[in-house]
Structure formats: structure tokens, C-alpha cells
Amino acid sequence: MASPQGDASPLFAGDAEAARSAEVEVRDLYYTIRGKKKNDVPREVLKGISCSFPSGRLSAMMGASGSGKTSLLTLMRGLSSPGSELRGGIFCNGRPVSIDLMRSISSVVPQEDVFLSALTVRETLAYAAQLRLPPGCKKADWDARVEHILALLKLGPCAEAMVGDDRLGIRGISGGERRRLSIGTAVIGGLPQLLLCDEPTSGLDSAAAHGIVAFLKSLADRGVTVLCAILAVVPDLLPVQPPAPAAGGGGRLQRQAGRRGAALRRPRGADAGEDQPGAPLHPSPRSRSAAASGRSAGGARRHGCQPCPRPRTSRAARRPGAGRAA
């Protein structure tokens, strides 16, 4: 086995740039899955998807929950549900995707973090380094790679903290630190040609989301093709995010390029009870304030409540010139 310094694998590398950027193309893709029960009607998740993601850039797919973003990312990895029907094709660097091909050139950041809650951040990265780095690496190489990732993702202050798990009541690192740790475990073996991220900014505040997107953009600048699935773009992230294709309901791809980026709009014929066709999912601050003012007065009367009374002032305070100095 060659020494780590002489290994030219794109998934290894210390600080080297990605050996080659991957280019992904989706051609007229239809994806249908069968129901859980025997008599369930098959459901068409993706309908006629055709798009391409340029190499060495940060691209994003925006869409509401259930629009097929995760299904498309799963198909890009060469995976599919048992008994499903797939028509069309997905190509990476001109070759049809397969499990073996995508495992050799890509890394994945899943939507739900899977960590051992009792381990520290440093221990989690150390185990990932032992699994992802070539067998010829020594412990000194593992430790150096872990320190490099801790500094790169600014995880040094919480390196000795337990990862934790809120569902088990074990207090640990914050949500933004967990997402950075997920990205760290994905790139600790070296810069891949393709990095697939499933909703990396969901559940984060604007500051943490901006930090995640800025780091993904830095990976794209180093030659990695980064593809993300996101629910919506925070206004602060719009100057950072490039124009993105938007996935509407039922897996249809829509391109609604707005003034500052891609705006996600529901397709025509949406179910009753959802937003009206052509209405943005996230209203502007002005419309939110108008809706709030309408609820404060009219909404209170509809529910049988009385709006809060205005503070009373004395007659002397209402006289002209009452507040002037003598």
C-alpha cells in the first residue's frame, strides 16, 4: 500500500483540492413507489424531472416537504426502494449512476444525524477517520486529520463535549455544531468529487445556517460539486445561494427565478387547504405584519374575546400644551 502522502485517491488527501469535479445530469426521470399495503395504489414521487448540476459549484433544490427532494438525492446515490419503478436516467460524469460508482466518488450528509451520544466530538471524528482513511495510515495521520477538521469547521471549543441526544434527554452540542460534525464526518477521508446534503440548514437559526452555507461554498471553490436539498432560503442566505431549481408538489420541477434568487411556488391544482397557486410559501415581513395586525383586532372578536383596551390618560394630559414647560 502506498504511503498516505503518495495516495492520489480523490477521497483521501489532507488539504488537496478535489481530484475532479463531478457533473450530474437528470434526464426525464419518473419514479413510482408501491404502497406499504398490498392493495395500496402506487404513488408517483417524481414526474418528468430533467435538470443538470454543473461541476465545482454549490447547487440547491428547493421544495416543500414531500416534494421528492430526498427521493431524488437517494436515486443519485444509486439506491431505490424495493419494488419501485424507475424510468429515465441519472448520469454522473457521463456514466449511469450505480452504488459502486457513487461510493467511490461521493459523500453524503443525511438529513438526520446518526451519532453515538456518549462519544465526544473528537472521538466521533477519530472513529470516522479510522473508517474512511486508507488502511496504510497510522495513528499520527488520523490525529492530524481530526485536528485539521476541527479547525476547519470551528469545532475546537466543543471538541471534548459529548455529542448528546435530545430525544434521550442527554444534553450535548448545539444543532449547528451537530450539522458541522455531520459534514466533518463526510469529508474527513478527503474532498470527494460530489457532496450530497439533505436539508443541511433545517432547524437552524440564520447565523448557524449562514455558517453552514458559507462552508459548503468554500468546498465548491476547492473543486467539490455540492448539491443540497433545502426547504427554503433564509433572506440572509440569498446573496450566497446561487439560483436553484424549485420542486413543486408531486415531484414536478419548477423554475421561478425571482429578483434575488429562486422563489418556490406551489403548482397549479394544489390541494384545498394549502397555499393558493402562485403564492410564495414564506410571506414577506410586510405581509406577516399585516396579517398579525388583522388577527389582533378582528381575530379577537371572532373568538369571542375583547381586544386589549388602550391605556387611559387624564384630561390634563390631553389638553393642548399640557406637556410643555411653564
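- Here the closest heavy-atom approach between residue Cys137 and residue Trp142 is recorded as CB-NE1, 3.6 Å.
- For Glu177 (side chain) and Ser174 (main-chain N/O), a donor-acceptor pair under 3.5 Å exists by modelled atom type.
- Under the 4.5 Å side-chain criterion, counting only non-hydrogen atoms from C-beta, Leu194 is in contact with Met102.
- Of the possible donor and acceptor atoms, none in the side chain of Ser55 sits under 3.5 Å from a partner among the backbone N and O of Ser21.
- Between Ser182 and Thr185, the shortest heavy-atom distance links the atoms O-OG1, 2.7 Å.
- Rounding to the nearest 0.5 Å places CD of Glu199 at 9.5 Å from CG of Leu73.
- Note: Arg180 CZ to Leu155 CG = 5.0 Å, rounded to the nearest 0.5 Å.
- Hydrophobic cluster membership is shared by Leu181 and Ile183, with clusters built from Ile, Leu, Val, Met, Phe, Trp and Tyr side chains linked at under 4.5 angstrom.
- There is a path of hydrophobic side-chain contacts, each under 4.5 Å, that joins Ile212 to Phe115.
- Under the 4.5 Å side-chain heavy-atom criterion for Ile, Leu, Val, Met, Phe, Trp and Tyr, Val187 and Leu152 are members of the same hydrophobic cluster.
- In the hydrophobic clustering of this structure, Leu86 groups with Leu101; members are Ile, Leu, Val, Met, Phe, Trp, Tyr whose side-chain heavy atoms approach within less than 4.5 Å, directly or through other members.
- One finds the CE atom of Met61 at 8.0 Å from the OG1 atom of Thr70 (value rounded to the nearest 0.5 Å).
- For the pair Val97/Met76, no side-chain contact is recorded, criterion being any heavy-atom separation below 4.5 Å from C-beta on.
- Side-chain atoms of Asp198 and Pro110, non-hydrogen and from C-beta on, never get closer than 4.5 Å to each other.
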List the steps, then state whether side chain to side chain contact (heavy atoms under 4.5 Å, CB included) holds for Leu216 with Cys197. CA-CA 10 Å; Leu216 294 177; Cys197 303; 4.1 Å; yes
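- A donor-acceptor contact closer than 3.5 angstrom is absent between the side chains of Ser50 and Asp28.
- Side-chain atoms of Lys69 come within 3.5 Å of backbone N or O of Gly63 as a donor-acceptor pair.
- No side-chain heavy atom of Glu23 sits under 4.5 Å from any side-chain heavy atom of Phe53.
- The shortest heavy-atom contact between Ala186 and Val108 is CB-O, 3.9 Å.
- Looking only at distances, no side-chain donor or acceptor of Ser81 sits under 3.5 Å from a matching main-chain atom of Ser84.
- Rounding to the nearest 0.5 Å places CG of Leu195 at 9.5 Å from OG1 of Thr225.
- When hydrophobic clusters are built by joining Ile, Leu, Val, Met, Phe, Trp and Tyr residues whose side-chain heavy atoms come closer than 4.5 Å, directly or via intermediates, Leu72 is grouped together with Ile105.
- The main-chain N or O of Asp221 is never found under 3.5 Å from a side-chain atom of Arg57 such that the two would form a donor-acceptor pair.
- Looking at heavy atoms from C-beta onward, Ile99 lies out of side-chain contact with Arg77 at the 4.5 angstrom threshold.
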- May I have the step-by-step check of salt bridge (charged side-chain N to carboxylate O under 4.0 Å, His left out) for Arg34 and Asp40, ending in yes or no? CA-CA 7 Å; Arg34 63 183 183 183; Asp40 289 346; over 6 Å; no
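- Considering CD of Gln130 and CG of Asp141, their distance stands at 12.0 Å, rounded to 0.5 Å.
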**Q.** side chain to side chain contact (heavy atoms under 4.5 Å, CB included) evaluation trace for Ser67 with Met62
**A.** CA-CA 9 Å; Ser67 60; Met62 291 189 297; over 6 Å; no
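- Within 6.0 Å of OH on Tyr127 lie no more than 12 heavy atoms contributed by other residues, nucleotides or ligands.
- The nearest pair of heavy atoms linking Leu58 to Cys228 is CD1-SG, 3.8 Å.
- Ala129 and Ile188 get closest at one heavy-atom pair: CB-CD1, 3.7 Å.
- One finds the CZ atom of Arg145 at 11.0 Å from the CG atom of Leu150 (value rounded to the nearest 0.5 Å).
- Other residues, nucleotides and ligands place no more than 12 heavy atoms under 6.0 Å from the CD atom of Glu112.
- The side-chain tip of Arg87 does not point at the ring of Tyr31 from less than 6.0 angstrom away and within 45° of straight on.
- At a threshold of 4.5 Å between non-hydrogen side-chain atoms, the residues Leu196 and Val109 do not count as touching.
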Original post:
Does the pair Val163 and Thr124 meet the rule for a side chain to side chain contact (heavy atoms under 4.5 Å, CB included), with working shown?
Top reply: CA-CA 8 Å; Val163 175; Thr124 302; 3.6 Å; yes
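- Asp113 has a carboxylate O that lies under 4.0 Å from a charged side-chain N of Arg179, or vice versa, which qualifies the two as a salt bridge.
- Between Leu46 and Gly68, the shortest heavy-atom distance links the atoms CD2-O, 3.7 Å.
- With a 4.5 Å cut-off on side-chain heavy atoms, Val24 and Ser52 do not count as touching.
- Heavy atoms from other residues, nucleotides or ligands lying under 6.0 Å from CD1 of Ile170 number more than 12.
- Side-chain contact between Leu75 and Ser80 is present, with at least one heavy-atom pair separated by less than 4.5 Å.
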